[in-house]
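In what follows, chains carry the letters A, B, and so on, assigned in the order in which the sequence lines appear, proteins first and then strands, with residues in each chain numbered from 1.
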Number of protein chains: 2
Amino acid sequence: METSHSGDELARILATLANPHRMRVIAALAHGRNYVSALARELGISRPLLQLHLAKLEAAGLVTAAFELSADGKAMKYYDTVPFAVTLTPQSIALAARTLTTEEGNN
Amino acid sequence: METSHSGDELARILATLANPHRMRVIAALAHGRNYVSALARELGISRPLLQLHLAKLEAAGLVTAAFELSADGKAMKYYDTVPFAVTLTPQSIALAARTLTTEEGNN
DNA sequence: GGCACATGCTAGTTTTTTCTTGCAGGTGAA
DNA sequence: TTCACCTGCAAGAAAAAACTAGCATGTGCC
């Protein structure tokens, strides 16, 4: 299910998804949840970089994070995808554009 | 109708749509085609800036351009939206991510 | 203790994108 | 000719995003 987004929300979602790393993160998490260090190894990127992308995905509401204690007592941060469905058409863009809050008045 | 996109195509489409100015351009053109100078006035942005955004929209295949002679013989460049429909879900992202061509092997 | 694993954060660099400014060309009409 | 339109392009500045490197914390196990 998908509620309708404001123009700013939609712009943020699109900007977030429009990145190869983040697309791969979504793809990896679609197979199942994972914690950041393992995910970084799986994707072959550095952990700080992955954390940056995860933060953006979470800010856009596309993934969720949950702390969990492993069997040996370590705190792991598990990420999972949030089910979303966004349909883009000229009309849906036009509708969203009406609620954009970027200040006008530029030349 | 919408054919399925490669990961790179999808990324480009999303990056292109994820911009307030370009969303407004799509919205304006959804009401009807227009030429760039008039469109710039309508949107309240400078013509060079609009041309930049139109070029990106055209490169992403979201709008088309056509030259046309006005009644008084001036060459006008008319832009129009291309009907598109892209649905975004974790699964569709995952599918597209498999065809990304960004070189891997970074740390 | 020392190693291997987990997390977080931040400062600084590199790269990309966005935007402005300014110039060029063309047309028709007064 | 001059004015009001239309187009195109490019150089440089400004802003935003991406990325690296490094240091901090904590845990359990050998």
Side-chain angles (χ1 to χ4, degrees), chain A residues 8 11-25 33-60 62-80 100 102-107, chain B residues 8 11-25 33-60 62-80 100 102-107:
Chain A
D8 297 308
R12 160 165 276 189
I13 289 173
L14 297 183
T16 303
L17 289 177
N19 178 287
H21 285 325
R22 292 194 284 264
M23 288 178 66
R24 289 201 189 89
V25 170
R33 59 205 298 270
N34 206 352
Y35 63 96
V36 330
S37 288
L39 195 53
R41 285 190 293 267
E42 178 182 336
L43 296 175
I45 64 176
S46 71
R47 189 175 53 82
L49 181 56
L50 176 61
Q51 285 176 319
L52 174 83
H53 289 306
L54 284 172
K56 296 206 169 191
L57 285 165
E58 191 178 11
L62 300 173
V63 303
T64 47
F67 271 104
E68 207 157 304
L69 284 183
S70 67
D72 57 347
K74 287 181 185 161
M76 327 279 274
K77 193 171 192 180
Y78 274 84
Y79 278 91
D80 202 349
L100 286 171
T102 30
E103 58 278 19
E104 66 286 323
N106 331 346
N107 168 25
Chain B
D8 297 309
R12 160 166 276 189
I13 289 173
L14 297 183
T16 303
L17 289 177
N19 178 286
H21 285 325
R22 292 193 285 265
M23 288 178 65
R24 289 201 190 90
V25 170
R33 58 206 298 270
N34 205 353
Y35 62 96
V36 329
S37 288
L39 194 53
R41 285 190 292 267
E42 179 181 336
L43 297 175
I45 64 176
S46 70
R47 189 176 51 82
L49 180 56
L50 176 60
Q51 285 175 319
L52 173 85
H53 289 306
L54 284 172
K56 297 204 170 191
L57 285 165
E58 189 177 11
L62 299 173
V63 304
T64 47
F67 271 103
E68 207 159 303
L69 285 182
S70 67
D72 57 346
K74 287 183 184 159
M76 328 279 275
K77 193 171 191 180
Y78 275 84
Y79 277 91
D80 202 350
L100 286 171
T102 30
E103 57 278 22
E104 66 289 323
N106 336 343
N107 170 18

Subject >> All salt bridge (Lys or Arg N to Asp or Glu O under 4.0 Å) counterparts of Arg33(A), not counting sequence neighbours >> reply: Glu68(A)
Rounded to the nearest 0.5 Å, how far does [atom2] of [Y] lie from [atom1] of [X]?
| X | Y | atom1 | atom2 | value |
| --- | --- | --- | --- | --- |
| Ser46(A) | Gln51(A) | OG | CD | 9.0 Å |
| Leu43(B) | Leu50(B) | CG | CG | 6.5 Å |
| Leu69(B) | Met76(B) | CG | CE | 9.5 Å |
| Thr64(B) | Leu57(B) | OG1 | CG | 11.0 Å |

**OP:** Quick one, give me the B/S/- string for nucleotides 22-30 of chain D, reading 5' to 3', where B means a protein heavy atom under 4.0 Å from the base and S means that only happens at the primed atoms, P, OP1 or OP2.
**Re:** B----BS--
Could you tell me whether the phosphate oxygens of [N], OP1 or OP2, come under 4.0 Å of any side-chain nitrogen or oxygen in [X]?
| X | N | result |
| --- | --- | --- |
| Ser46(B) | dT20(C) | yes |
| Gln51(A) | dT7(C) | no |
| Tyr35(A) | dA6(C) | yes |

What is the distance, to the nearest angstrom, from the [atom1] atom on [X] to the [atom2] atom on [N]?
| X | N | atom1 | atom2 | value |
| --- | --- | --- | --- | --- |
| Arg24(A) | dC19(D) | CZ | P | 10 Å |
| Tyr78(A) | dT7(C) | OH | P | 9 Å |
| Asn34(B) | dT7(D) | CG | C1' | 15 Å |
| Ile45(A) | dC19(D) | CD1 | C1' | 10 Å |
| Leu39(A) | dC5(C) | CG | P | 17 Å |
| Leu69(B) | dG26(C) | CG | P | 16 Å |
| Glu68(B) | dG26(C) | CD | P | 22 Å |
| Arg41(B) | dC5(D) | CZ | P | 7 Å |

Expected rows: protein N/O vs nucleotides 12-18 of chain C N/O, under 3.5 Å:
from, atom 1, to, atom 2, distance (Å)
dT18(C), OP1, Asn19(B), ND2, 3.4
dT18(C), OP1, Arg22(B), NH2, 2.8
dT18(C), OP2, Lys56(B), NZ, 2.3

Under 3.5 Å, which donor-acceptor pairs do the side chains of residues 11-19 of chain B form with other protein atoms, sequence neighbours left out?
from, atom 1, to, atom 2, distance (Å)
Thr16(B), OG1, Arg12(B), O, 2.7
Asn19(B), OD1, His21(B), N, 2.9
Asn19(B), OD1, Arg22(B), N, 3.1

**OP:** Identify, with sequence neighbours excluded, every residue that meets side chain to side chain contact (heavy atoms under 4.5 Å, CB included) alongside Ala38(A).
**Re:**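 Expected list: Asn34(A), Tyr35(A), Arg41(A).
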**OP:** With sequence neighbours excluded, tell me which residues meet side chain to side chain contact (heavy atoms under 4.5 Å, CB included) with Ala55(A).
**Re:** none
**OP:** Check Val63(A) against Leu54(A) and note the closest heavy-atom contact, atom names and distance.
**Re:**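 Closest pair (atom of Val63(A), atom of Leu54(A), distance): CG2-O, 4.2 Å.
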